[in-house]
Amino acid sequence: MTRYILQRLALLPLLMVIYSFVIFAIIQAPPGDFLTAYVATLSSSGSSISAEQIAALRSQYGLDQPFIVQYFLWLKHLFHGDFGLSLEYQRPNAELIGEQLGLTIALALFSFVLTWVIAVPAGIYSATHPRSWADHALTVINYVGVATPNFMLALILMWVAFAYFDISVTGLYSPEYVDAPWSLAKFWDLLAHIWLPALVLGIAGTARLSRIMRANLLDELNKPYVVTARAKGMREWQLVLRYPVRLALNPLVSTIGWYLPLLFSGSLIVATVMNLPNIGPLLLRALVNQDMYLAGGILLIYSFLTIVGTLLSDVALALIDPRIRVEK
Amino acid sequence: MALAAGAAVLTAPEVALAQGAKYKEAPALADQVKGGKLPPVEARLPEKPLVVPVAEKVGDYGGVWRRAFLGPADANNYVRVVYDALFRFSPDGAKIEPKIAESAEPSADYKTWTIKLRKGAKWSDGQPFTANDILFWYKDVLLNKELTPTLPGWIRNADGTPAKVEKVDDQTVRFTYAAPATLFLTAVANQDGADRTFAMFLPAHYLKKFHPAYADKAEIDKMAHAAGFKAWTELFANKNAPPENPERPTMAAWAPTSRASDPVFTLRRNPYYVGVDKDGNQLPYIDEVRFTYFADAQALNLQAIAGNFDMQERHVNMTNYPVLKEQEKSAKKYRVITWPTFGGADAVIAINQTYTADPVMGKVMANVDFRKALSLAINRDQIKESVFLGLGEPRQGVPAPWHPYYPGDEWAKKYTEFKRDEANKLLDGIGLDKKDANGIRLLPNGKPATIEISVVPAFGAWPDVALLVSKDWDAVGIKTIVQIRERALHFTMRDNNELMAEIWNEDTSAFPYTGNAKVDPRNTPILTMGPLWLRWYATGGKEGAEPPPAMKRIVEIVDKARTAPPDEQVKLSQELYRIWAENLFEIGTIGLTPMVQGVVVATNKFQNVPKTLGNDWPLRSPGNARTEQFYFAK
């Protein structure tokens, strides 16, 4: 097991270098560069900039150099742990990403926990009470949950909140707390706002998870060992939770690692629509504005998390399921 | 009416300080004065302060102006609110008035300009603002090749040398040009550090710390490196930009206390601001301006509809106008004001007249009769009603009727009537009289005449304009394809001469000789009317395509008008716009709508917002509404 983990970890640097090249190439692929996008932004807000000024900025930012030179300069800095400077913000990328990291993780964990806390019990209930009215109701909710894009849901909820309750649900804080220092009051304010985006983000996942849970558990419940245990007089809820539920959880656990990158990227559109201050809108803007070092930095972190996440899934699965451990 | 924009007319303030008025200040500042933290208001104001006329009433002190912005790339949002310049455009955009500076005086031949500063004016940190701050900009920033690789046009003589700038005394600076500089004030009214440039007056006492002519180069390099910059010039630019560096002193009514890259970009009142109202109350009235960051303009619009901004016009989408009007009536939280664009047209179709990818079609597109036919084929009333919500009027991209450069109704309305028969006749007349089975006209080489309009949804409704136009053009036998493109791709294709036609707005008609006017084919980025003309001018006629005589005449006028005395400048400009409309270098549709940052939402308490305003980028609207006199009614 240790050997296996070490092998996988040894591959990491190589993969990261390959990813860095792919990322840089993809970011550079659209026509134009940061300044083209900047000029476009200015023109589409009614301003303009002179050709001389653009030329001066282009050479200042090094955008007039060939692709490969720009790439190696970037790589060189990355090796020194330097994510470079954001062209748009004129501030170090590491600082910008760092600022958003805390809230991004908080929001993601919140929605992750919410997803599991709702999905697993719902799945178990559906499986143990198949074709009851509650099961049917849950099924309908689940299908709607899976089928509705979450940004759509966000828009609908925002409109309902505004039109019928006259409250605004964008952002994670009330206006007076946005730039206030951390305090208990600000924390409460955050809690009062975070549940809605967390729910919106989690709803598709919840629906999917509880469907998988239901299907898996239904399969297990008909197996002979369950019948045997029941025949031996084991109490029903104890039986279900101790044996079939653990088995039914396996496929879910194997996907837990995927949550690591999803923690960051999954919320991109929802966060933009709901104006949440997390990494999603930062990445979207960086891509649209071709702020390539910032976008590159964020995407590299995503790649890293995906690799680590997959590894963690494999490890978690081995831990929860003795059969997999034995095979190894 | 006084002579507008282009001309060198400077008006004295419309109001004077009331006789014997004593200066008053905001309560928060009075407390600081009592606490000994701040000198008294008389000592903070210059000897002769700027007296700012109020739009409606003398206001009350206090309040936080809630506003929204789209992040650091939207720094111009700040630039327009503070409009931090020596001189500024008046609310109607017709005059230029002193702001930070006291006066400007041209010599009889307009070759020399003398700017007088206000004696006793101070930066937001209390340091004196003098001629040295302009000389520092001139000697150490403008003439420093590393900071300014190419001289901006307004300070350059025809031979490429910089105009001479000298200090006469601590409050007086003289500018000397080789040729008459009649547009000097128009340019100076825009030297406010917008678009990542350097303003023409800089806090020398602060910035010298970051300039190698005054500080140790090794030390500066160390600072630059620590901040992640490659060169000292980047550090200098960063330290000089108020939205990126709250430490930098400013002359504006509000000074930043956080950065534009923070979630909330906050400005607080500058206790040393040079302006007062007629009763002697030091301005601004409002304590604080808070720009809340929005990643997406749609989310911003939803908040605007909900009435969560005290005054916002920027990024408010005109397509939301009906919803806003409805909320205005039902929720009664705010009022909606519209400021139409400052002339031109809000959707023009520029047809590439140097298109080479398809030489046969390219030749047709270069034919002025073809463009006349296309213009006559457009049903503009339909566009006005369905896209522009009935606002504005059909017109070509010429200045507004209230502007001295206005060529007259005949030219503003030239070829804007809907005359399909005449369009068909014109098209028949240029050899496109054969049609295929679908009714599409055939080119001389037998191929169907096809044109593609590239559209960037920059101001929301342009794709709709394109669709309506395409139907009208199909109806006269020109197959029209509407292609909606991502803006960077569109801009790159435009530069590479790959666009056939595009929709954009004509927003520079009031300023044909300064900035990036679209009438001048030598400017980049321009409309796609003739990318190869740009090449032709840039290479002295060696490459590219030679422009037609009409276009050459426009260029001639631009060069001549730049140094012509005001009266002649007006005559030349009117001629320019007659040529512009007659040749349809761009085909105008609807203009004078509030499309560009012109739908204003102001809460009921937010006062002194003018009901009409010259709305344009060079006017820095809403900055020319004199934002320092906005106030919250108690």
Side-chain angles (χ1 to χ4, degrees), chain A residues 30-33 36-57 59-62 82 84-86 88-96 99 158-159 162 166 168 170-171 175 178-179 271-277 280-282 284-285 288-291, chain B residues 66 71-74 76 148-153 194-197 227-231 233-234 238 241 244 258-259 261-264 266 292-296 298-299 302-303 305-306 308 314-315 456 458-459 486-493 504 507-508 515-516 523-525 596-597 616-617:
Chain A
D33 55 27
T36 323
Y38 182 63
V39 169
T41 304
L42 290 182
S43 327
S44 48
S45 63
S47 354
S48 65
I49 185 169
S50 72
E52 298 119 46
Q53 184 65 15
I54 297 168
L57 286 173
S59 77
Q60 184 191 323
Y61 296 154
D82 178 6
L85 202 70
S86 155
E88 183 184 349
Y89 291 77
Q90 290 292 300
R91 282 169 58 189
N93 288 319
E95 190 182 312
L96 289 169
E99 269 172 19
M158 278 160 68
W159 177 250
F162 163 64
D166 200 22
S168 85
T170 53
V178 176
D179 56 349
T272 305
V273 168
M274 301 189 79
N275 206 40
L276 307 176
L282 191 70
L284 183 66
R285 280 191 70 83
V288 169
N289 292 330
Q290 305 205 24
D291 190 348
Chain B
R66 295 168 301 159
D74 192 22
N76 281 343
T148 314
T150 15
L151 288 176
D195 293 342
R196 302 188 177 205
T197 56
F229 295 112
K230 288 192 289 290
T233 50
E234 288 177 58
N238 173 270
E244 290 167 23
S258 69
R259 294 170 296 185
S261 53
D262 290 325
V264 182
T266 314
T292 302
Y293 171 68
F294 281 81
D296 174 51
Q298 289 304 325
L302 184 64
Q303 293 277 29
I305 294 167
N308 289 334
R314 195 164 167 86
H315 310 301
V456 178
F459 289 101
E486 196 275 324
R487 53 184 194 172
L489 174 62
H490 176 98
F491 274 57
T492 312
M493 288 181 70
W504 206 261
D507 53 352
T508 59
N516 243 348
N523 284 339
T524 39
V596 189
Q597 332 280 6
D616 203 355
W617 163 241

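Just so we're on the same page: letters track the sequence lines, and every chain starts at 1.
With a 4.5 angstrom heavy-atom cutoff, B/Leu151 touches chain A only via backbone atoms. Using a 4.5 Å cut-off between heavy atoms, B/Ala194 makes no contact with chain A at all. Only the side chain of B/Thr266 comes within contact range of chain A, judged by heavy atoms closer than 4.5 Å. Heavy atoms of A/Tyr89 lying under 4.5 Å from chain B belong to its backbone as well as its side chain. For chain A, the nearby part of B/Arg259 is the side chain; its heavy atoms alone come within less than 4.5 Å. Neither the backbone nor the side chain of B/Ala231 comes within contact range of chain A; no heavy atoms are under 4.5 Å apart.
B/Glu244 is linked by a side chain to side chain contact (heavy atoms under 4.5 Å, CB included) to A/Gln90, B/Asn238, B/Ala241, counting only residues two or more places apart in sequence or in another chain.
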Does the pair B/Phe294 and B/His315 meet the rule for a side chain to side chain contact (heavy atoms under 4.5 Å, CB included), with working shown?
CA-CA 11 Å; B/Phe294 281 81; B/His315 310 301; over 6 Å; no

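Side-chain contact annotation: A/Thr272 with B/Asp296, donor-acceptor N/O pair under 3.5 Å absent.
Of all heavy-atom pairs spanning A/Asp291 and A/Ser86, the tightest one is OD2-OG, 2.6 Å.
Using a 30° and 60° split on the angle between ring planes, B/Phe491 and B/Trp504 fall in the perpendicular class, above 60°.
Interface remark: of the candidates B/Thr292, B/Val456, B/Thr492, B/Thr492 forms the most heavy-atom pairs closer than 4.5 Å to chain A.
Among A/Glu95, A/Arg91, A/Glu88, the one residue that satisfies the side-chain hydrogen bond (donor to acceptor under 3.5 Å, both in side chains) test with B/Ser261 is A/Arg91.
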